[in-house]
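The structure presented is a predicted model; accordingly, all values stated were derived computationally and were not measured. In listed order, ligands and their atoms are each counted from 1.
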Amino acid sequence: MSDDPLPPSSPTPAPGRPAVRTAAVIPAAGRGVRLGPGAPKALRALGGTPMLVHAVRAMAESRAVSLVVVVAPPDGAGEVKSLLDTHALPGGSWGNTDVLVVPGGESRQESVKLGLDALPEGYDIVLVHDAARPLVPVDTVDAVVEAVRDGAPAVVPALPLADTVKQVEPAATPGEPEPVVATPDRSRLRAVQTPQGFDRATLVRAHATVTDDVTDDASMVEQLGLTVVTVPGHEEAFKVTRPLDLVLAEAVLARRRLNDGF
Ligand code: C5P
């Protein structure tokens with residue numbers, strides 16, 4: 001890992017297009033309480049390798065991404081740094097991608113902001129990718145970067161929903177049935193994933209301006225009044241949240257090993 005990450009822009013821009021560097025911020029500071037007791041979620045193993053390492057590899061696999069900033073649990077930055085060193089290629093590299101580790105905060109939003117604060121000059125596109133989505137395919141990462149390069153201030157990978165969604169009124173007493181108040185038209189709903197991609201200045205402004213609690217970064221850009229667009233998401237970019245997701249993630253890895261000798 002390097003403390004001075006300004007590698008050459010990659011890939012070579014199309015003729016007439018200026019070189020634009022892309023960095024990825026990976027918030028990985030969550031405890032992962034819903035996954036059950038144990039190590040912080042990002043450090044749990046999938047196929048014998050920590051989830052965070054899969055997530056860093058997924059970003060580094062994109063030729064567009066030349067820096068990854070990992071946001072570690074506030075008291076665990078040293079541990080995360082040595083763990084990543086252990087899993088880097090011989091010589092400590094991640095191919096053409098540099099990796100920095102910074103301590104995170106109390107909320108996901110705060111962790112992303114701390115990652116953004118650590119970004120050196122020279123990166124004009126920023127991806128924000130949950131460590132909890134370790135298996136996102138590189139084509140999805142590239143599609144997000146491409147849409148930002150094409151001029152969108154914010155881009156999210158999105159999938160149609162299988163389930164019908166109900167809006168409820170929270171029950172007065174926890175555990176009591178919750179009254180349904182609305183059923184949004186499913187055909188216009190999307191489940192969004194990460195990496196979400198941004199024009200850097202827009203994301204920095206969003207984090208400086210929006211103070212409400214949010215569950216993703218794109219909604220902060222929406223609050224600025226800017227348009228967020230979608231690109232197709234991927235079923236393998238699901239978020240590992242509950243114990244059953246670990247079973248699914250192991251199955252996806254096993255299928256990849258069978259299909260591509262991964
Ligand atoms: O809790 P949730 O699943 O929404 O977390 C999404 C991502 O945000 C995870 O990768 C988690 O590690 C990260 N996170 C963080 N700092 C926090 C809470 C969550 O980096 N304080």
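Each of the atoms 21 (N) of ligand 1 lies under 4.0 Å from some heavy atom of E106. Proximity to S111 (heavy-atom distance under 4.0 Å) selects the following atoms of ligand 1: 15 (C), 16 (N), 17 (C), 20 (O), 21 (N). Interface of K41 with ligand 1, defined as ligand atoms under 4.0 Å from a residue heavy atom, comprises 3 (O).
Only side-chain heavy atoms of K239 come within less than 4.0 Å of ligand 1; its backbone N, CA, C and O stay farther off. With a 4.0 Å heavy-atom cut-off, ligand 1 is reached by no atom of R31. Proximity of A131 to ligand 1, defined as any heavy-atom pair under 4.0 Å, is shared by backbone and side chain alike. Contacts of A29 with ligand 1, taken as heavy-atom pairs under 4.0 Å, involve both backbone and side chain.
Here's the thing with T241: none of its N/O atoms is less than 3.5 angstrom from an N/O atom of ligand 1. The N/O atoms of V71, backbone and side chain alike, include none that comes under 3.5 Å of an N/O atom in ligand 1.
Heavy-atom minimum distance, P50 versus L43: CB-O, 3.9 Å.
Residue contacts with ligand 1 do not include A42, since none of its heavy atoms lies under 4.0 Å from the ligand. In this structure, G104 has no heavy atom closer than 4.0 Å to ligand 1.
The option from R34, M51, R108, H129 that lies nearest to atom 1 (O) of ligand 1, judged by heavy atoms, is R34. Remark: among candidates A72, G105, G30, the nearest residue to atom 21 (N) of ligand 1 is G105, based on non-hydrogen atoms.
The salt bridge (Lys or Arg N to Asp or Glu O under 4.0 Å) analysis of residues 210-219, with sequence neighbours excluded, yields the pairs R108-D217.
The nearest heavy-atom contact from the protein to atom 10 (O) of ligand 1 is P27 O, 2.8 Å. From the protein, the heavy atom lying nearest to atom 7 (C) of ligand 1 is D130 OD1, 3.3 Å.
No salt bridge links K166 with E178; every basic N to acidic carboxylate O contact stays at or beyond 4.0 Å. With respect to the salt-bridge test (charged N to carboxylate O, under 4.0 angstrom), the residues R242 and D245 do not qualify. Under a 4.0 Å N-O distance rule, the pair R255/E250 does not qualify as a salt bridge.
Looking at heavy atoms from C-beta onward, V240 lies in side-chain contact with P134 at the 4.5 angstrom threshold.
Residues H129 and T194 have side chains that bring a donor and an acceptor to within less than 3.5 angstrom of each other.
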- Query: Do E222 and L226 pass the side chain to side chain contact (heavy atoms under 4.5 Å, CB included) test, and can you show the C-alpha distance, the side-chain angles, and the key distance before you say yes or no?
  - Reply: CA-CA 5 Å; E222 290 162 47; L226 298 173; over 6 Å; no

- Candidate pair V53 and L84, rule side chain to side chain contact (heavy atoms under 4.5 Å, CB included), full reasoning: CA-CA 7 Å; V53 172; L84 290 173; 4.1 Å; yes

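Proximity of atom 3 (O) of ligand 1 to the protein is indicated by at least one non-hydrogen atom lying closer than 4.0 angstrom.
For E79, the CD atom counts as loosely surrounded, since its 6.0 Å shell holds 12 or fewer non-hydrogen atoms of other residues, nucleotides or ligands.
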